[in-house]
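The structure appears below as structure tokens.
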Number of protein chains: 2
Amino acid sequence: MNSIDSLSTMLRKQGFRMTPQRLAILKVLSDAGRHLSPSDVYASASKNIPGLTEATVYRTLEFLARQDVVLAAHIGNGKMVYEMAECDHHHLICRACGNTLQIDHALLQKLYQQLEGASGYRLTTSHLTFFGLCPDCKEGGK
Amino acid sequence: MNSIDSLSTMLRKQGFRMTPQRLAILKVLSDAGRHLSPSDVYASASKNIPGLTEATVYRTLEFLARQDVVLAAHIGNGKMVYEMAECDHHHLICRACGNTLQIDHALLQKLYQQLEGASGYRLTTSHLTFFGLCPDCKEGGK
DNA sequence: CTTGCAATTGCAAGAAGTCGCAATAAGGAA
DNA sequence: TTCCTTATTGCGACTTCTTGCAATTGCAAG
């Protein structure tokens, strides 16, 4: 698992600035251990960085996702959520009740290899979201 | 492939109203043959329905997606796009140049069965988006 | 320690999308 | 055809998110 220090060093090496704003946002995500919405991140980070703006939070999340430090995902309500890119995984969400299951990336490894073979692309891990009905809701006949 | 008439009949049977607004939006999507953004849909549909509002377009797209008449997807720029749910497929997008490849759902059939077995969920088809680097861009060493 | 460059941020304006409520209208029953 | 119920829409206010630009600041060089 990458610490904030090693992530910072890596990003600096690539010519990026590690500002207090960026460090605070990274720390919020690192401490959370789950995904957060931009407004969740803003609410927490602005406690440590008075004067932080939401525009900066949005820009920083997008920057960290582009650098693969953070995974972005849509979880079905049209909103983007973010999480530290520590453990590759995907989500399976019940369309009726919203219950969410985490899926290891290992389950998709073969598919990814197959898609690479068929397409010529090199796939990056992304935070996929699958939808379905959970065991409780599919019995209810929705 | 379902015609607008048969989709309308099906929705009416479920107690929904098939208003001129909904028919116009369905027709725009049906004629497009590709995915459209909400503002694309609004621009086209409002030609036929003067007075149509964007609020109605957003609500109708969300309604049609919920009824599985339309597939919604995020294509990497944070925006939602919509397409008739005619041919189950997914997307593979190059993160560098934006080039997009369409992936048949058939390639994911086994994975879906596997996930159903492992989770107890019944998966619905969703419009997944994979990311990677296309053959041209991965050679460029990004 | 100082300086200069260019990346990053704050700010305000604007775009995209959502919500509550009254008015409108789809459609079934009579 | 008329009437009534209730789903749906228009509207305006609001929230969420993005953008351009000037000011600020991280950081490498000296």
Side-chain angles (χ1 to χ4, degrees), chain A residues 4-5 7-28 35-67 69-70 72-82, chain B residues 4-5 7-28 35-67 69-70 72-82:
Chain A
I4 293 178
D5 282 344
L7 288 169
S8 298
T9 301
M10 181 192 72
L11 290 167
R12 280 195 186 97
K13 275 187 157 72
Q14 297 178 51
F16 301 112
R17 310 299 165 85
M18 289 314 295
T19 62
Q21 293 88 349
R22 287 180 171 181
L23 292 168
I25 287 165
L26 259 177
K27 185 164 169 41
V28 165
H35 17 65
L36 298 175
S37 68
S39 54
D40 291 334
V41 173
Y42 172 69
S44 294
S46 62
K47 287 168 181 163
N48 297 325
I49 309 279
L52 181 69
T53 63
E54 281 181 288
T56 296
V57 172
Y58 280 93
R59 285 192 181 115
T60 302
L61 290 172
E62 205 264 326
F63 163 74
L64 293 173
R66 223 188 310 114
Q67 302 310 315
V69 165
V70 147
H74 297 274
I75 51 166
N77 59 0
K79 312 274 187 201
M80 188 87 87
V81 292
Y82 298 85
Chain B
I4 291 177
D5 283 345
L7 289 168
S8 298
T9 301
M10 182 192 72
L11 290 166
R12 280 196 186 98
K13 273 182 158 76
Q14 298 176 51
F16 302 112
R17 312 292 167 91
M18 288 315 295
T19 61
Q21 292 88 347
R22 287 180 169 181
L23 293 169
I25 287 165
L26 261 179
K27 186 164 167 42
V28 165
H35 20 62
L36 298 175
S37 68
S39 54
D40 292 334
V41 173
Y42 173 70
S44 295
S46 60
K47 287 169 184 165
N48 296 325
I49 310 279
L52 181 68
T53 64
E54 281 181 287
T56 295
V57 172
Y58 280 93
R59 284 190 185 117
T60 301
L61 289 172
E62 206 264 325
F63 163 73
L64 294 172
R66 221 186 314 113
Q67 303 308 317
V69 166
V70 148
H74 298 274
I75 52 168
N77 59 0
K79 312 272 189 204
M80 188 87 86
V81 293
Y82 297 86

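Letters A, B, ... are given to chains in the order of the sequence lines, protein chains preceding strands, and every chain is numbered from 1.
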Under 4.0 Å, counting only non-hydrogen atoms across every strand here, what does B/M80 touch: a base, just sugar-phosphate, or nothing? nothing
When rounded to the nearest 0.5 angstrom, what distance separates CG in B/L64 from CZ in B/R66? 9.0 Å
Please work out if A/F16 contacts a base, only the sugar-phosphate, or nothing of the nucleic acid, heavy-atom cut-off 4.0 Å. sugar-phosphate
Measure CG/B/L23 against P/C/dG27 and give the value in whole Å, please. 8 Å
Return the minimal non-hydrogen interatomic distance between A/Y42 and A/L52, and the atom names on each side. CE1-O, 3.2 Å
Taking only the side-chain heavy atoms of A/R17 (C-beta and beyond), determine which of C/dT9, D/dG26, C/dA16 contains the nearest atom. D/dG26
Side chain to side chain contact (heavy atoms under 4.5 Å, CB included) partner of A/L23, the single match among A/I4, A/V28, A/L7: A/I4
In terms of side-chain heavy atoms of A/K79, which of D/dC11, C/dA12, D/dT16 is nearest? D/dT16
Can you see if the side chain of B/R12 gets near the phosphate of C/dA26 - specifically, an N or O under 4.0 Å from OP1 or OP2? no
Checking C/dT18, D/dT19, D/dT9 against the side chain of A/A55 (C-beta onward), the nearest is D/dT19
CD of A/Q14 versus C1' of C/dT8: gap in Å, rounded? 16 Å
Please tell me which of B/S39 and B/Q21 maps to the more 5' nucleotide of DNA chain C, matching each residue to the nucleotide holding its nearest heavy atom. B/S39
Spacing of A/E54 atom CD relative to D/dC14 atom C1', expressed in whole Å: 14 Å
Below 4.0 angstrom from OP1 or OP2 of C/dT8, is there any side-chain N or O of A/T19? no
Do the side chains of A/M18 and A/L26 get nearer than 4.5 Å, heavy atoms only? yes
Nearest-nucleotide pick for B/P20, side chain only, options being D/dT9, C/dA26, D/dC17: C/dA26
Confirm from the modelled atom types if B/R59 and C/dG17 form a donor-acceptor pair under 3.5 Å, side chain to base only. no
Is there side-chain contact between A/F63 and A/I25, with heavy atoms separated by less than 4.5 Å? no
Of the listed D/dG10, C/dA25, C/dT9, the closest approach to the B/T56 side chain comes from D/dG10
If C/dC19 has a Watson-Crick or G-U wobble mate with both distances under 3.5 Å, name it; if not, just say none. D/dG12
